[in-house]
Amino acid sequence: MVCGIQEAAENYRKLFQEILNTSREKLEAAKSILTDEQERMAMIQEEEQNFKKMIESEYSMRLRLLNEECEQNLQRQQECVSDLNLRETLLNQVIKLATELEEMFQEMLQRLGRVGRENMEKLKESEARASEQVRSLLKLIVELEKKCGEGTLALLKCLDLEIRPPELREMNFCCAEAAQLSFLFRSKSLLLEHLEPAHITDLSLCHIRGLSSMFRVLQRHLTLDPETAHPCLALSEDLRTMRLRHGQQDGAGNPERLDFSAMVLAAESFTSGRHYWEVDVGKATRWQVGIYHGSADAKGSTARVSGEKVLLTGSVMGTEWTLWVFPPLKRLFLEKKLDTVGVFLDCEHGQISFYNVTETSLIYNFSHCAFQGALRPVFSLCIPNGDTSPDSLTILHGPSCDATVSP
């Protein structure tokens with residue numbers, strides 16, 4: 001009987017040790033989730049402020065363009081006719097549009113605040129669940145460590161009648177001690193609890209809808225500069241399309257790293273005014289478009305310093321499309337594949353905006369940028385690791401590109 005008791009004790013000791021090891025692993029996972037949720041709570045507050053500034057910056061830009069469009073329309077009407085009623089009609093129309101614009105952006109700010117509050121509530125609830133699980137697991141671990149160090153009889157006498165070995169079922173052990181081990185077995189439900197981070201709404205889903213009609217007036221007739229093209233790139237005769245050359249794609253290097261060094265600058269540069277252009281990115285799986293400010297000294301060596309670029313990057317991994325902006329590097333939510341990117345540059349106000357032309361919505365904007373020297377549009381494709389790539393980018397020329405406007 002003694003051997004049977006000792007064997008039973010060892011079996012239960014091993015069982016408790018396994019539960020203890022599992023509890024420790026689960027504790028580390030719960031602590032990690034707790035730390036992550038606390039960090040996300042701080043990050044989401046900062047992110048909400050950044051998106052608020054972006055919405056306000058976009059509103060200011062749209063209002064400036066609307067006022068300029070109004071002034072141009074009034075000037076044209078004055079040249080054609082001196083009808084005061086028509087002038088008053090135009091002014092009333094602009095006031096109405098400005099009011100609608102303000103209401104739209106106020107609604108966006110309200111939605112941003114509402115989503116931000118919902119996200120914070122979810123994160124707080126998740127933090128509370130993680131904190132409770134950490135406390136419960138710490139308590140369980142202390143109890144298990146104590147039990148694993150107890151002697152044979154002390155270990156077995158706490159077992160409920162249902163789980164005692166047959167030779168111990170007739171022995172009378174105190175109910176208090178039995179209840180202690182009952183708690184350990186009830187803790188099985190704790191170990192089975194599945195703790196997940198909170199699922200929150202990406203703030204980039206608070207889209208700023210619409211494109212300014214002035215973009216068509218400000219759209220520039222860009223071409224690619226062959227003298228700045230990376231050797232891997234082949235340019236079309238009209239200098240509007242870039243693609244990777246066959247046989248020039250070097251697969252050497254780190255296969256985990258995306259190499260966007262296959263760049264080319266636009267032939268045009270800007271030092272003042274406002275400018276807009278569109279790029280067809282629908283035939284590329286990994287691409288970059290943006291602004292480069294600096295010197296272009298030698299063919300194939302331009303735009304290599306990351307601090308000299310403001311970029312929007314698109315890439316596809318399997319069936320998932322992702323967007324990144326830089327600097328600083330930030331991932332954006334993308335609901336579906338992006339086909340056409342619009343880029344707006346305001347040199348005087350230091351603003352660069354990227355648009356989803358197909359969905360007529362803002363992707364992201366940078367405001368109060370400190371530009372130095374001439375600014376040039378930059379385009380890039382990712383050099384594949386060993387395989388050929390059909391990727392290409394094309395600069396689109398709108399129907400009103402030829403309109404000349406004093407910027």
Side-chain angles (χ1 to χ4, degrees), residues 54 57-58 61-62 65 204-205 207-224 233 235-236 239-244 258 260 262-268 270 274-293 303 309-317 320-327 329-346 351-367 369 375-382 389-401:
M54 187 171 71
S57 172
E58 185 71 8
M61 181 271 291
R62 299 254 189 114
L65 292 180
S204 59
L205 283 173
H207 296 299
I208 300 176
R209 298 289 182 183
L211 301 178
S212 172
S213 57
M214 283 293 289
F215 285 169
R216 292 303 171 200
V217 179
L218 298 171
Q219 190 166 358
R220 302 308 177 208
H221 197 139
L222 299 184
T223 55
L224 302 172
L233 292 176
L235 307 184
S236 62
L239 298 179
R240 290 172 49 195
T241 299
M242 56 183 282
R243 57 175 51 87
L244 294 166
L258 297 181
F260 284 100
M263 290 186 174
V264 61
L265 301 180
E268 295 74 18
F270 310 113
R274 286 155 303 178
H275 313 274
Y276 176 79
W277 59 95
E278 294 180 354
V279 186
D280 179 1
V281 298
K283 298 182 180 65
T285 55
R286 294 168 184 171
W287 49 267
Q288 290 180 333
V289 298
I291 295 292
Y292 168 74
H293 47 108
K309 293 174 288 185
V310 178
L311 296 171
L312 174 69
T313 299
S315 65
V316 58
M317 300 294 181
E320 181 181 357
W321 284 88
T322 58
L323 287 178
W324 302 81
V325 289
F326 177 87
L329 188 64
K330 175 181 175 59
R331 183 175 178 176
L332 304 176
F333 182 83
L334 184 64
E335 291 179 289
K336 56 185 177 181
K337 183 176 178 291
L338 186 61
D339 291 319
T340 305
V341 173
V343 185
F344 173 74
L345 168 65
D346 187 333
Q351 182 167 337
I352 300 173
S353 303
F354 297 101
Y355 297 90
N356 182 337
V357 177
T358 306
E359 300 295 324
T360 63
S361 62
L362 176 71
I363 297 173
Y364 200 83
N365 73 14
F366 298 87
S367 57
C369 299
L375 305 175
R376 301 179 70 176
V378 63
F379 313 88
S380 175
L381 291 172
C382 179
S389 170
D391 284 9
S392 67
L393 295 179
T394 300
I395 300 171
L396 300 176
H397 290 170
S400 57
C401 290

Task: Full working for side-chain contact (heavy atoms from CB on, under 4.5 Å) between W287 and V341 - done: CA-CA 11 Å; W287 49 267; V341 173; 3.8 Å; yes

TODO: Measure from the side-chain N and O atoms of E268 to the backbone N and O of T223, and report whether any donor-acceptor pair falls under 3.5 Å.
DONE: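 Yes, the answer is positive, given that a donor and an acceptor are paired below the 3.5 Å cut-off.
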
With rounding to the nearest 0.5 Å, note down the distance linking [atom1] in [X] to [atom2] in [Y].
X    : Y    : atom1 : atom2 : result
I352 : Y364 : CD1   : OH    : 12.0 Å
T313 : L332 : OG1   : CG    : 10.0 Å
L311 : L329 : CG    : CG    : 10.0 Å
R240 : L235 : CZ    : CG    : 13.0 Å
M263 : Q288 : CE    : CD    : 5.0 Å
R274 : M214 : CZ    : CE    : 6.0 Å

Open item on the list: Other residues, nucleotides and ligands only: do more than 12 of their heavy atoms fall within 6.0 Å of NZ on K283?
Closed with: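 Counting other residues, nucleotides and ligands, NZ of K283 stays at 12 neighbours or fewer.
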
TODO: Check whether any side-chain heavy atom of S353 lies under 4.5 Å from a side-chain heavy atom of V343, and answer yes or no.
DONE: no

Task: Side-chain touch L218/H275, heavy atoms, less than 4.5 angstrom - done: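 No. Closest side-chain heavy atoms not under 4.5 Å.
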
Kindly give the heavy-atom pair with the smallest separation between [X] and [Y], and that separation in Å.
X    : Y    : value
S212 : L65  : OG-CD1, 3.5 Å
Q351 : S57  : OE1-OG, 3.2 Å
R286 : S315 : CG-CB, 3.8 Å
E278 : G342 : CG-CA, 4.1 Å
L393 : S380 : CD1-O, 3.6 Å
A284 : L381 : CB-CD2, 4.0 Å

Task: From CA spacing to verdict: side-chain contact (heavy atoms from CB on, under 4.5 Å), M54, L362 - done: CA-CA 10 Å; M54 187 171 71; L362 176 71; 4.1 Å; yes

- [ ] Under the side-chain contact (heavy atoms from CB on, under 4.5 Å) rule, what do L233 and L244 come out as? Steps first, then yes or no, please.
- [x] CA-CA 5 Å; L233 292 176; L244 294 166; 4.0 Å; yes

Set of side-chain hydrogen bond (donor to acceptor under 3.5 Å, both in side chains) partners for [X], sequence neighbours left out:
X    : value
T394 : T241
T285 : D391
R62  : E58
T358 : none

TODO: Check whether the ring centres of Y355 and F344 lie less than 6.0 Å apart, and answer yes or no.
DONE: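 No, they do not, as the ring centres are separated by 6.0 Å or more.
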
Open item on the list: I'd like to check the side chain to side chain contact (heavy atoms under 4.5 Å, CB included) partners of S361; sequence neighbours left out, ordered by chain and number.
Closed with: H207, R209, N356, E359

Task: Sole candidate of I291, V281, V325 that passes side-chain contact (heavy atoms from CB on, under 4.5 Å) when paired with L312 - done: V325

Open item on the list: Tell me which one of D280, L222, V279, V357 satisfies side-chain contact (heavy atoms from CB on, under 4.5 Å) with L396.
Closed with: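 Exactly one candidate clears the test, D280.
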
Task: Those residues that, when tested against F379, pass ring pair (Phe, Tyr, Trp, His ring centres under 6.0 Å) (two or more places apart) - done: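 Here no residue qualifies.
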
Open item on the list: Does the plane of the ring in F270 sit parallel, tilted or perpendicular to the ring in W277? Use 30° and 60° as the thresholds.
Closed with: parallel

TODO: Mind running side-chain contact (heavy atoms from CB on, under 4.5 Å) on L338 and I363 for me, showing each step along the way?
DONE: CA-CA 10 Å; L338 186 61; I363 297 173; 3.8 Å; yes

